[in-house]
Amino acid sequence: MSSLQNRENLRNIAIIAHVDHGKTTLVDQLLRQSGIFRTNENVAERVMDSNDLERERGITILAKNTSVMYGDIKINIVDTPGHADFGGEVERILLMVDGVLLLVDAFEGCMPQTRFVLKKALGLGKKPLVVLNKVDRPGARPEEVVDEVLDLFIELGADDEQLDFPVVYASARDGYASDSPNEETTDMEALFQMIIREVPPPAGDLDGPTQVLFSNIDYDSFVGRIGIGRVERGKIKVNDTVALCSLEGGVKNVKVSRLYQFEGLKRAECTEAALGDIIAVSGIAELNIGETICSPECIEPLPFVKIDEPTVSMMFMVNNSPFAGREGKLVTSRNIRERLFKEIETNVAMRVEETDSTDSFKVLGRGELHLSILIETMRRQGYEFAVSRPQVIYKTINGVRHEPIELLMIEVPEEYVGAVMEKLGSRKAEFQNMDSRGTGITHLEFKIPARGLMGYRSEFLTDTNGNGIMNHIFDGYEPYKGDIIIRNQGSLVAFEAGETTSYGLFNAQDRGRLFIGAGLSIYEGMIVGVSPKNEEVVVNVCKKKHVTNMRASGSDEALKLTPPTILSLEQAIEFISDDELVEVTPKSIRMRKMMLAKEQRLKKANRK
C-alpha cells in the first residue's frame, strides 16, 4: 500500500507576466540574493534571456529553468514568455509547477498577455501569488492595481482559494520586496518568505513506481536530445531501464544514460531524483514533448495539456530570385524541409504541412511574431528562402465560416484617440471599453479580426507619433466579419536589373517613398519603394545620366536624395500584398513580386 508524502524542502514555481513588466530582472535578483554567483563572477543583466534574439529584442521567447536555494529549501523557477504568440511554451510548462508568481506592473496594471497565461494557470488549479513590481515608479498606483487583479481573477473564474491571493510589493531593478507598498527594504526576503509559505510542496507517492512527464525538449551538440520534465511519482536513477510511452500509444523500453538537475543557471549531473524534482534526461533519442516514462512494471502514461491551435499560416519556399544562392549556404528544399521539421519537434504550437509543390511548405503558427522569430533564427543559421504574406486560418463551425478574433488593448495620449478609433473602425474593430489612466493617457479595448491587425502596428506608431502602446491576444473564433481593405498603397517596382544610381533614384523619389539607396544591385520585379496611389508603379532606378559636352549652369549641382526607409523583417512581412514575397537571406531582406516580369503580371491581370 503506497502512501502520499510531501517534500517540504522543495518548491516549484513559474513566473508569469506581461512583456516588459520586469520578470527576467526579478529572477536575476533572486539568483543574486540566494548566493548562486561567486562574489567576483561577472554576471550579465537579464541573465535568463540567454539567446541573441532575446537579448536584442528584450523579450523572453523560450521558457527556461533555474533554481535558487533559500536556507535548505530548493526553489525551482521557470521563466515563461510574456507574448501570447509563444503561448505554446507556457501551457505545457505549467504542468511542472505547483504555484505561479503573477508579476504585474504597479503603473500599467493587468495587460492582455497576463490574462492569457493566468487563465491557463487558474484552469490547471495552480496556487497564484501576486507581486506588484515597479512600486517606485512615478505614477505607480498599487492599491488600484490590486483591485484590478482581483477583478481579473473573478472574470477568469478563479475559485475561492485562488481569490484569496497573497501580495508582495517589489522593485526588481533595485532588488527589494516588502509587504507594504510604502515600505522600502534592502532585500527580497519578503518574496522568499511568501513563496515558502504559500506555494504547496510537491505531494505524491514517493515510494511508488517511476513516472516522469516531459514538458520541454532541449538539444545539446554533444549528448543530443535532452528531455526536461517533472518526476510525478517515485524515484528515477541513472542507468534505470524505463518504458517510454509515445503520444501515439506505443511503448518502448529505453535506458536513462544521464540525469541532471538545475542548480542556479547550470545543469548539474546527479545520480537520482525523486518526486517533485524538475529534471533533464539525456540518452533517449526518440523522446518528444508530452510523453511519459514509467517503470516497466507499471505503465501509466499521463495526459498532456491541450495546446491551442495555430491561427496564422505562411508559405516558406525555395528562393528562385535572380540573386538566389549568392548569400545563403542552405538553399535547397531539402535543407529547408529538414529545418522546419526539426523546429516542430520542440516548438509544439507550430505545424508544418507539405504542399503539392516540392519547393514550398505551409507553416502554421500562433501569430506573426511567432513565425517571424523562426524566420530570423533560420536566416542567422545560414538559410536562404522566400516567404509569403501571412494568412489567417479560417474554421467552418456548423456550416458557417469563422475567423480568429483578437482582444486589442491600446494606451495612447488623449489627443490621438480619434485617429486610432477611425483607423480601427475601417479594420472591423468593435469597441469594448475605455477608461482614463491619469496623466493624460487613455486605455482603449477592442475586439478585432486577426486579419485587421496585420500591417497595423506601423500605421499605429505613425498615427500616435510613437507615443502609443498596443498589445493583443487571441480571444476565440467568431463568424467572418466581411472584407477588410488592409493596404491602400501600391509598390514601386524595379524596371530592370542593374545597380541603382543617384540620378535614377532622384527621378523615382517623386513617385513615392524609397526603400533602397544608391549603389545597390537590384533585379527586375524587386520592390524598391511604396507609392501613395493604390497601384503598382514601375520605376527605373538604374537610369544613368546621358553624358554630353554641353554644360548648363545650375542643373549639374549635386542631386538631393531623401534618405531611404529601411524596413525590418516584421515590417517587410506586414507590407507585402498577396502577389508579393519577402526574400530572406543571411545578409539581406528584399521584397519582390511573385512574377518578376512586367509582361507576365499584365497578362495575369488581363486574364482576371
Side-chain angles (χ1 to χ4, degrees), residues 18-20 53-54 56-62 81-90 111-113 116 307-317 340 343-344 347-353 361-380 385-394 403-410 423-424 427-429 446-462 468-477 481 484 486-487 567-578 580-584 589 591:
H18 184 75
V19 185
D20 276 349
L53 268 177
E54 292 183 316
E56 284 170 29
R57 294 169 183 245
I59 60 173
T60 304
I61 296 169
L62 303 169
H83 268 285
D85 280 25
F86 309 115
E89 290 283 326
V90 174
M111 300 292 267
Q113 268 88 335
F116 167 79
I307 303 289
D308 283 352
E309 294 294 309
T311 56
V312 172
S313 71
M314 276 173 107
M315 299 301 291
F316 281 53
M317 54 198 85
L340 292 175
E343 179 70 22
I344 58 173
N347 199 335
V348 290
M350 199 170 269
R351 311 258 190 285
V352 177
E353 294 175 3
F361 306 91
K362 188 177 185 180
V363 181
L364 300 86
R366 286 287 273 273
E368 284 174 274
L369 185 64
H370 191 199
L371 292 168
S372 73
I373 292 289
L374 170 64
I375 295 167
E376 182 63 44
T377 307
M378 284 175 67
R379 73 180 275 242
R380 291 182 182 206
F385 53 99
V387 294
S388 70
R389 176 184 168 81
Q391 304 287 345
V392 300
I393 299 168
Y394 297 104
E403 65 174 330
I405 301 292
E406 302 268 332
L407 179 65
L408 174 66
M409 293 194 181
I410 285 180
K423 274 278 166 65
L424 288 172
R427 289 169 174 262
K428 305 281 189 209
F446 299 88
K447 276 191 175 179
I448 183 168
R451 293 176 296 139
L453 276 176
M454 287 182 182
Y456 176 61
R457 189 174 293 274
S458 50
E459 283 187 31
F460 172 73
L461 290 172
T462 307
I469 300 170
M470 67 178 267
N471 291 289
H472 55 89
I473 178 169
F474 174 66
D475 193 57
Y477 274 84
K481 304 288 182 191
I484 301 175
I486 297 291
R487 185 174 133 187
L567 297 189
S568 67
L569 175 64
E570 273 94 358
Q571 288 170 324
I573 291 170
E574 284 184 350
F575 174 79
I576 57 171
S577 59
D578 293 337
E580 295 166 353
L581 299 172
V582 178
E583 179 186 346
V584 180
I589 293 167
M591 293 175 291

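Source: prediction; values computed, not measured.
- To the nearest 0.5 Å, atom CG of residue Leu569 and atom CD1 of residue Ile373 are 9.0 Å apart.
- Residue Lys362 qualifies as open at atom NZ: its count of foreign heavy atoms under 6.0 Å is 12 or below.
- Judged by distance alone, with hydrogens and angles left aside, the side-chain atoms of Arg389 form no donor-acceptor pair with the main-chain N or O of Ser577 at under 3.5 Å.
- In this structure, Val392 and Pro404 approach most closely via the heavy-atom pair CB-CG, 4.0 Å.
- Side chains of Arg457 and His472 form a contact here, defined as non-hydrogen atoms less than 4.5 Å apart.
- For the atom pair CD1 of Ile448 and CG of Leu424, the computed distance is 5.0 Å after rounding to the nearest 0.5 Å.
- Proximity of Met378 to Leu340: side-chain heavy atoms (C-beta onward) are separated by under 4.5 Å at one or more points.
- Rounded to the nearest 0.5 angstrom, Thr311 OG1 and Arg366 CZ are separated by 7.5 Å.
- Among all heavy-atom pairs drawn from Pro390 and Met314, the shortest one is CA-CG, 3.7 Å.
- Nearest heavy-atom pair, Gly452 versus Arg427, reported as atom, atom and distance to 0.1 Å: O-NH1, 2.6 Å.
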Handout entry: Test side-chain contact (heavy atoms from CB on, under 4.5 Å) applied to Met470 and Leu461, step by step
Key = CA-CA 9 Å; Met470 67 178 267; Leu461 290 172; over 6 Å; no
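- Closest approach of Tyr477 to Pro310, counting heavy atoms only: OH-O, 4.0 Å.
- Note that CD of Glu403 and CD1 of Ile484 are 6.5 Å apart. Values are rounded to the nearest 0.5 Å.
- Here the CG-CG distance, from Leu408 to Asp475, works out to 11.0 Å after rounding to the nearest 0.5 Å.
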Problem - Test side-chain contact (heavy atoms from CB on, under 4.5 Å) applied to Ile589 and Leu567, step by step - result: CA-CA 8 Å; Ile589 293 167; Leu567 297 189; over 6 Å; no
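- A heavy-atom distance below 4.5 Å is found between the side chains of Tyr456 and Lys423.
- No side-chain heavy atom of Glu580 sits less than 4.5 Å from a side-chain heavy atom of Met591.
- The two residues Ala386 and Leu581 come nearest to each other via the heavy atoms CB-CD1, 4.4 Å.
- Nearest heavy atom pair, residue Arg451 against residue Tyr394, reads CD-OH, 3.0 Å.
- Distance alone, capped at 3.5 Å, places no donor-acceptor pair between the Glu368 side chain and the Met454 backbone.
- For the atom pair Glu406 CD and Phe446 CZ, the distance stands at 14.5 Å (nearest 0.5 Å).
- Looking at Ser372, its side chain never comes within 3.5 Å of a backbone N or O of Glu570 through a donor-acceptor pair.
- Qualifying side chain to side chain donor-acceptor pair (under 3.5 Å) partners for Glu574, counting only residues two or more places apart in sequence or in other chains: none.
- Contact annotation: the side chain of Val352 never approaches that of Glu343 to less than 4.5 Å [non-hydrogen atoms, C-beta and beyond].
- Distance alone, capped at 3.5 Å, places no donor-acceptor pair between the Ser313 side chain and the Val363 backbone.
- The side-chain heavy atoms of Leu371 and Ile573, taken from C-beta on, include no pair separated by under 4.5 Å.
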